[in-house]
**Q** 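Before I ask anything, let me first share the structure, which is written out below as structure tokens.
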Amino acid sequence: MPERILTLPGSTDQFLLTDRPAPTLTDHYRPLPDGMTLRHAIVVRAHQARTGDVVAAWFTDGPGIRRAEHVLEAFTAHPRSFGTCPKQCEECEDTSARGATADRYLCLAPADEQADCVIVFRNTPVAIIPADIAAGFPPLDSTSPLPDLFTLDDGKHGPYEALPVPRAFGPWDAISVTRATAEQIAADLPTTHAGRYLTCHWLNDTLLITSDPRLRNEPGRPGHLIQPDAADRYRIGGLWAWEQWSTPSCPDCSTVTEPVDIKGERIWRCTAPDCTRRTYGPGDPDDDDALPPYTETDVETTAELSAQGGPDEDEQDTE
């Protein structure tokens with residue numbers, strides 16, 4: 001879909017609507033149902049949205065050209081007055097603490113087990129697919145949910161893909177992963193700070209996680225047995241605190257990085273145009289500190305250095 005310029009009655013702004021982005025590791029845009037596209041979208045103010053409308057995007061501030069900011073997961077509008085939260089969610093509590101009132105704000109979608117309320121200014125422009133049009137397509141939940149990503153040791157291990165967790169999820173709760181992901185966790189765990197006293201064994205389809213015998217509260221217990229459920233997924237948790245994974249920031253300038261896959265290895269590149277940091281990998285993030293600024297032809301060299309663990313320490317001392 002080429003860019004579309006939409007207008008809103010009573011406003012001189014132009015609203016630039018683009019294609020919905022494809023999901024990536026760093027941006028989890030859940031696809032729309034089969035056949036539904038933003039060609040069906042119009043712009044309305046938040047208080048004009050009606051029950052059943054599909055909310056697909058916000059817009060940057062005006063005046064002038066206002067560009068679409070796509071929501072990660074399009075949702076069905078169920079407008080209600082602000083202050084009538086059914087779950088006492090954090091979003092409502094935080095917005096109330098800022099002095100919000102029902103004459104200026106509204107709730108576009110109430111909280112459920114997965115997400116907090118969606119609270120916006122009443123006059124916020126939103127891109128919607130009207131309810132009568134959306135009804136002609138499969139429901140939003142007909143597309144597979146994108147996984148939540150978890151990590152250990154402040155992002156040094158992972159990310160591990162899991163089924164989406166509820167909004168009340170705590171770091172010691174279990175996450176649901178595939179056999180392949182469970183195998184990766186089992187391989188990584190002994191090398192992590194979180195799992196430094198743990199050992200993993202596979203007993204056919206069962207994962208056994210045992211602790212150092214000297215640390216067991218109940219000597220003689222075999223450990224933590226994790227068996228696949230009816231969907232062949234493993235629920236792993238309760239033995240360490242999970243951390244939700246996010247894109248790492250540049251160690252030099254704190255700008256967000258982007259993933260680059262080189263020869264099967266994932267490394268991260270700073271997106272700041274004036275930053276001299278090139279890339280860093282899952283090993284020592286300082287491997288490339290002394291390297292010259294990034295160029296397209298240099299990225300493979302950096303990846304190879306990271307994969308090899310960097311230059312030999314003895315050679316560095318000699319130099």
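These numbers come from a predicted model, not from an experiment. Numbers here simply count residues along the sequence, with the first being 1.
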**Q** Does the Arg20 side chain pair with the main chain of Leu38, one donor and one acceptor, at a distance under 3.5 Å?
**A** no
**Q** Can you give me the closest heavy-atom contact between Glu91 and Cys117, atom names plus distance?
**A** CG-O, 3.4 Å
**Q** How are the rings of Trp58 and Phe75 set relative to one another: parallel (under 30°), tilted (30 to 60°) or perpendicular (over 60°)?
**A** tilted
**Q** Where the side chain of Arg104 meets the backbone of Ala102, is there a donor-acceptor pair that is under 3.5 Å apart?
**A** no
**Q** Give the ring-plane orientation class for Tyr29 versus His70, where under 30° counts as parallel, over 60° as perpendicular and anything between as tilted.
**A** perpendicular
**Q** Could you check whether the rings of Trp242 and Tyr160 sit parallel, tilted or perpendicular, using 30° and 60° as the cut-offs?
**A** perpendicular
**Q** Do the side chains of Val55 and Val43 join up, straight or via other hydrophobic residues, at under 4.5 Å, putting them in one cluster?
**A** no
**Q** Does Asp34 CG have over 12 foreign heavy atoms under 6.0 Å away?
**A** no
**Q** What is the minimum heavy-atom distance between Met36 and Leu140, and which atoms define it?
**A** SD-CD2, 4.4 Å
**Q** Same cluster or not: are Leu207 and Leu198 linked, directly or through other Ile, Leu, Val, Met, Phe, Trp or Tyr residues, by side-chain heavy atoms under 4.5 angstrom apart?
**A** yes
**Q** Heavy-atom count check: over 12 atoms from other residues, nucleotides or ligands less than 6.0 Å from His47 NE2?
**A** yes
**Q** Nearest 0.5 Å, what's the NE2-CG distance between His224 and Leu208?
**A** 10.0 Å
**Q** Within a reach of under 6.0 Å around CD of Glu69, are more than 12 heavy atoms found that belong to other residues, nucleotides or ligands?
**A** yes
**Q** Between Thr191 (side chain only) and Asp188 (backbone N and O only), is there a donor and an acceptor less than 3.5 Å apart?
**A** yes
**Q** Would you mind reporting whether Pro110 and His78 have side-chain heavy atoms less than 4.5 Å apart?
**A** yes
**Q** Could you state the interatomic distance from OG1 (Thr151) to CH2 (Trp245), rounded to the nearest 0.5 Å?
**A** 8.5 Å
**Q** Under 4.5 Å between side-chain heavy atoms, counting indirect links through other Ile/Leu/Val/Met/Phe/Trp/Tyr residues: same cluster for Leu16 and Ile128 or not?
**A** no
**Q** Quick one: do Asp148 and Ile175 satisfy side chain to side chain contact (heavy atoms under 4.5 Å, CB included)? Show the steps, please.
**A** CA-CA 9 Å; Asp148 284 341; Ile175 62 174; over 6 Å; no
**Q** Just so I know, are the side chains of Thr199 and Pro190 near enough to count as touching, which here means a heavy-atom distance under 4.5 Å?
**A** no
**Q** Could you measure the distance from the CG atom of Asp173 to the CD1 atom of Ile236? Nearest 0.5 Å is fine.
**A** 14.0 Å
**Q** Only counting residues at least two apart or in another chain, list the ones meeting side chain to side chain donor-acceptor pair (under 3.5 Å) with Glu90.
**A** none
**Q** Does atom CZ (Arg67) have a neighbourhood of more than 12 heavy atoms from anything else shown, all under 6.0 Å?
**A** no
**Q** With no hydrogens and no angle check, is any side-chain donor or acceptor of Asp13 less than 3.5 Å from a backbone partner on Gly62?
**A** no
**Q** Write down the atom of Trp240, the atom of Ile185, and the distance for their closest heavy-atom approach.
**A** CZ2-CG2, 4.3 Å
**Q** So how far is it from Tyr105 OH to Thr124 OG1, rounded to the nearest 0.5 Å?
**A** 8.5 Å
**Q** Nearest 0.5 Å, what's the CD-CD1 distance between Gln14 and Ile65?
**A** 4.0 Å
**Q** Please find the pair of heavy atoms, one from Pro166 and one from Gln114, that lie closest to each other, and give the distance.
**A** CA-OE1, 3.7 Å
**Q** With hydrophobic residues grouped by side-chain heavy-atom distances under 4.5 Å, do Val71 and Phe137 end up in a single group?
**A** no
**Q** Shared ILVMFWY cluster between Ile226 and Val165, side chains joined below 4.5 angstrom?
**A** yes
**Q** How far apart are the closest heavy atoms of Asp53 and Ala131, and which atoms are they?
**A** OD1-N, 2.7 Å
**Q** Nearest 0.5 Å, what's the CD1-CZ distance between Ile42 and Arg4?
**A** 10.0 Å
**Q** Taking it one step at a time, do Phe150 and Gln244 satisfy side chain to side chain contact (heavy atoms under 4.5 Å, CB included)?
**A** CA-CA 4 Å; Phe150 293 89; Gln244 291 202 334; 3.7 Å; yes
**Q** With side chain to side chain contact (heavy atoms under 4.5 Å, CB included) as the criterion, how do Arg233 and Thr178 come out once you've worked through the C-alpha distance, each side chain's angles and the decisive distance to 0.1 Å?
**A** CA-CA 5 Å; Arg233 301 187 70 90; Thr178 63; 3.5 Å; yes
**Q** For the residue pair Ile129 and Thr37, what are the closest heavy atoms and their distance?
**A** CD1-O, 3.7 Å
**Q** So does Leu189 get a backbone contact from the side chain of Thr192, meaning a donor-acceptor N/O pair under 3.5 Å?
**A** yes
**Q** Kindly say whether Leu8 contributes a backbone atom to a donor-acceptor pair with the side chain of Ser11 at under 3.5 angstrom?
**A** no
**Q** Using modelled atom types and a 3.5 Å cut-off, is there a donor and acceptor pairing between side-chain atoms of Ser176 and backbone atoms of Ala162?
**A** no
**Q** Would you say Arg66's side chain and Thr60's backbone share a donor-acceptor pair under 3.5 angstrom?
**A** yes
**Q** Checking side chain to side chain contact (heavy atoms under 4.5 Å, CB included) for the pair Arg45/Val126: CA distance, chi angles, key distance, verdict?
**A** CA-CA 6 Å; Arg45 299 198 182 277; Val126 294; over 6 Å; no
**Q** Is there a side-chain contact between Asp116 and Cys92 in this structure, where contact means two heavy atoms from C-beta onward sitting under 4.5 Å apart?
**A** no
**Q** Parallel under 30°, tilted from 30 to 60°, perpendicular over 60°: which one fits the rings of Tyr234 and Trp202?
**A** perpendicular
